[in-house]
Amino acid sequence: MNLPREIFKAYDIRGIVGKTLTPEVVHAVGRALGTRALERGRDTFAIGRDGRLSGPELLAALADGLRAAGANVTDLGMVATPMTYFAAKHLGTGCSVMVTGSHNPPDYNGLKMVVDDTTLSGDDIQDLRSAIEAGRLLTGSGTYSQQDIGSAYIQRIIGDVKLSRTLRIAVDCGNGVAGAYAPTLYRKMGCNVVELFCDVDGTFPNHHPDPSQPKNLIDLVQRLTRGDCELGLAFDGDGDRLGVVTRAGHVIYPDRQLMLFAADLLSRQPGATIIYDVKSTRNLKPWIARHGGKPLLWKTGHSLIKNKMKETQAALAGEMSGHTFFGERWYGFDDGLYAGARLLEILSRDKDPSAVLEALPDAVSTPELNIQCAEGEPHALVQKIAQTETFPGATEVIRIDGLRVEYPDGFGLARASNTTPVVVLRFEANDAVALARIQNEFRKVLARAKPGVPLPF
């Protein structure tokens with residue numbers, strides 16, 4: 001069996017279906033996961049898949065692999081990624097696997113894995129590969145059952161998150177799996193819901209389900225500007241990330257969403273630690289401190305953030321990409337549908353939700369920008385810059401995840417993505433002149449590190 005090393009990413013497994021990610025590979029990974037769980041005293045996995053066309057075949061291979069190690073399988077069917085995390089808590093399995101390609105192109109798929117209440121990342125994922133290659137795998141015959149977790153998941157949310165009044169919202173699921181659950185959830189919470197692309201279709205015929213890219217929010221923006229909805233919510237392909245659009249069509253990026261969540265949470269838990277990732281706005285640190293919290297900058301990556309939350313007992317965390325993690329009133333995992341519910345709860349207290357969102361501190365900034373690279377090249381390119389370049393005028397160079405270069409009036413970021421072969425860039429500044437200056441510094445650095453590279457800015 002060909003076991004491509006490049007599919008074992010920093011915080012999940014992800015590859016091209018039929019090429020680097022085959023049923024045979026997924027079966028082997030399932031057996032390694034089952035082995036790892038059984039060695040830690042766990043014997044049952046909750047598993048699910050998103051709406052991709054390759055999902056049923058890969059989910060079956062995963063189930064067979066887990067059972068071949070002696071682990072039991074509870075098959076949730078087609079669900080959002082956070083619903084597998086919920087099932088691990090609700091059913092008490094402590095272990096879950098989601099077959100999902102998240103926001104990658106339709107020909108990708110992958111695995112997001114939890115074993116013994118820990119989301120696997122880094123060395124833990126490499127250990128799975130090593131176990132497969134060395135044949136360190138248990139043999140057994142686990143059981144198989146099916147369970148619908150959808151109603152329990154929705155009931156758990158609507159039993160706790162309450163609206164102060166009815167809201168009329170537009171929901172764009174981009175034909176991802178969130179479409180099977182989000183409209184139902186928000187209607188049961190008391191919203192009037194206008195649906196955009198909520199039928200699940202793994203070919204993603206309308207736009208790609210990635211709300212971090214403004215081009216994927218165009219349909220939602222156009223719907224909002226008609227004026228009969230108060231707010232727009234958008235989700236990625238597997239439902240663990242949230243995008244937000246105001247009535248005027250303004251995108252409220254997730255780092256600004258986190259400000260609203262932080263202020264709300266800190267009103268109940270003063271002194272709580274709140275984590276944000278290296279792509280997030282500089283405005284978060286003073287905002288969190290001013291509201292009585294402890295700000296903590298950390299690496300990008302859903303499993304890395306979750307593990308840091310456990311380590312620091314943080315009450316809330318968020319990433320610029322749209323993952324938000326609630327430790328208060330929830331379980332500490334990233335969940336776009338739940339984040340949407342908490343956002344609606346806060347905004348329903350005000351007569352003009354869009355005005356509340358648009359009043360949050362802002363800066364001149366770019367969305368995430370990507371430099372396309374060959375597989376394996378991004379980390380080498382960022383490492384080369386880190387070793388050879390200096391940044392005159394910078395007040396600090398933060399190296400916990402790529403290079404975040406802080407200036408008195410802004411920052412620039414270059415980091416290697418752990419999900420796709422790109423270098424991720426982001427820029428923020430106090431004004432357009434400062435933004436242009438910082439971008440120019442990075443333009444020169446990137447040109448030296450990779451002459452002729454086409455830049456997205």
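If you're wondering where the values come from, they're calculated on a predicted model, not measured in any experiment.
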* Using a strict 4.0 Å threshold on nitrogen-to-oxygen distance, state whether Lys9 and Glu375 make a salt bridge. => yes
* To do: Spell out, as yes or no, whether a donor-acceptor pair under 3.5 Å connects the side chain of Trp287 to the backbone of Met259.
  => yes
* Asked: Where does the angle between the aromatic ring planes of Phe427 and Phe442 fall among parallel (under 30°), tilted (30 to 60°) and perpendicular (over 60°)?
  -> perpendicular
* If you measure from the Lys or Arg side-chain nitrogens to the Asp or Glu carboxylate oxygens, is any gap between Arg42 and Asp117 under 4.0 Å? -> yes
* Minimum-distance pair of heavy atoms, taken over all atoms of Gly94 and Val114 -> O-CG1, 3.8 Å
* side-chain hydrogen bond (donor to acceptor under 3.5 Å, both in side chains) between Asp75 and Tyr144: does it pass, once the steps are laid out? -> CA-CA 7 Å; Asp75 185 349; Tyr144 174 86; 2.7 Å; yes
* Taking NZ, NE, NH1 and NH2 as the nitrogens, is one of them in Lys112 or Asp240 under 4.0 Å from a carboxylate oxygen of the other? -> yes
* Structure fact -> residues 45-85 vs ring pair (Phe, Tyr, Trp, His ring centres under 6.0 Å), sequence neighbours excluded, gives Tyr85-Phe333
* Structure fact -> Taken to the nearest 0.5 Å, the spacing of Arg49 CZ from Thr84 OG1 works out to 13.5 Å
* To do: Flag the pair Leu284 / Asp255 as yes when at least one side-chain heavy-atom distance between them is below 4.5 Å, and no otherwise.
  => yes
* Asked: Would you call Met309 and Ile275 a side-chain contact if the rule is heavy atoms closer than 4.5 Å?
  -> yes
* Structure fact -> All heavy atoms of Phe411 vs all of Lys279, minimum pair found to be CZ-O, 4.0 Å
* To do: Tell me, with the steps shown, if Thr395 and Tyr407 meet side chain to side chain contact (heavy atoms under 4.5 Å, CB included).
  => CA-CA 5 Å; Thr395 56; Tyr407 297 90; 5.6 Å; no
* Asked: Between Asp238 and His103, do the side chains contain an N or O donor and an N or O acceptor separated by less than 3.5 Å?
  -> no
* If you measure only the distance, is there a donor-acceptor pair under 3.5 Å linking the side chains of Asp210 and Ser212? -> yes
* Could you pull out the closest heavy-atom pair between Leu242 and Pro254, with the gap in Å? => O-CG, 4.0 Å
* **Donor-acceptor contact below 3.5 Å, side chain Ser417 vs main chain Pro421** => no
* Strictly by modelled atom types, are Asp127 and Ser130 linked by a side-chain donor-acceptor pair under 3.5 Å? -> no
* To do: Would you tell me whether Asn104 and Arg14 have side-chain atoms, one donor and one acceptor, within less than 3.5 Å of each other?
  => yes
* Salt-bridged, Lys450 to Glu377, with N to O below 4.0 Å? -> yes
* To do: Find out whether Glu428 and Arg282 are in side-chain contact, i.e. whether some heavy atom of one side chain is under 4.5 Å from a heavy atom of the other.
  => yes
* **Nearest atoms (heavy-atom pairs only) where Arg268 meets Arg342** => NH2-NH2, 3.5 Å
* Asked: Given the rule in the side chain to side chain contact (heavy atoms under 4.5 Å, CB included) test, do Phe235 and Cys173 qualify, once you have shown the distances and angles that lead to the verdict?
  -> CA-CA 5 Å; Phe235 300 93; Cys173 294; 4.0 Å; yes
* Asked: Thinking salt bridges, do Lys384 and Glu389 make one under a 4.0 Å N-O criterion?
  -> no
* Which of parallel (below 30°), tilted (30 to 60°) and perpendicular (above 60°) describes Phe86 and Trp330? -> parallel
* Check: Asn109 side chain, Thr100 main-chain N or O, donor-acceptor pair, under 3.5 Å -> yes
* Asked: Do the charged groups of Arg241 and Asp334 touch, with an N to O distance under 4.0 Å?
  -> no
* Consider only side-chain N and O atoms of Arg329 and Tyr338, and report whether a donor and an acceptor are under 3.5 Å apart. => no
* To do: Begin with the C-alpha distance, continue with both residues' side-chain angles, and end with the deciding distance and a verdict on side-chain hydrogen bond (donor to acceptor under 3.5 Å, both in side chains) for His207 and Asp172.
  => CA-CA 10 Å; His207 64 74; Asp172 184 343; 2.8 Å; yes
* Asked: Looking at CG of Leu260 and CD1 of Ile346, how far apart are the two atoms once the value is rounded to the nearest 0.5 Å?
  -> 4.5 Å
* Asked: So, are Asp124 and Arg36 salt-bridged, with charged N and O less than 4.0 Å apart?
  -> yes
* Should the pair Glu311-Lys308 be classified as a salt bridge under the 4.0 Å nitrogen-to-oxygen rule? -> yes
* Asked: Sequence neighbours excluded, which residues qualify as ring pair (Phe, Tyr, Trp, His ring centres under 6.0 Å) partners of His208?
  -> Phe204
* Structure fact -> Of all heavy-atom pairs linking Asp50 and Met98, the shortest is N-CE, 3.4 Å
* **Carboxylate-amine/guanidinium proximity below 4.0 Å for Asp277 and Lys299** => no
* Which residues satisfy the side-chain contact (heavy atoms from CB on, under 4.5 Å) test with Ala10, sequence neighbours excluded? -> Asn418
* Asked: Is Glu345 paired with Lys162 through a side-chain N to carboxylate O contact shorter than 4.0 Å?
  -> no
* Asked: Hey, is Arg349 close enough to Asp264 for a salt bridge, meaning N to O under 4.0 Å?
  -> yes
* Using only heavy-atom distances, determine whether the side chains of Ser280 and Arg426 contain a donor-acceptor pair under 3.5 Å. => no
* To do: Evaluate the side chain to side chain contact (heavy atoms under 4.5 Å, CB included) criterion for residues Ser321 and Thr300: first the C-alpha distance (whole Å), next the side-chain angles of each, then the deciding distance (0.1 Å), finally the verdict.
  => CA-CA 9 Å; Ser321 61; Thr300 291; 5.5 Å; no
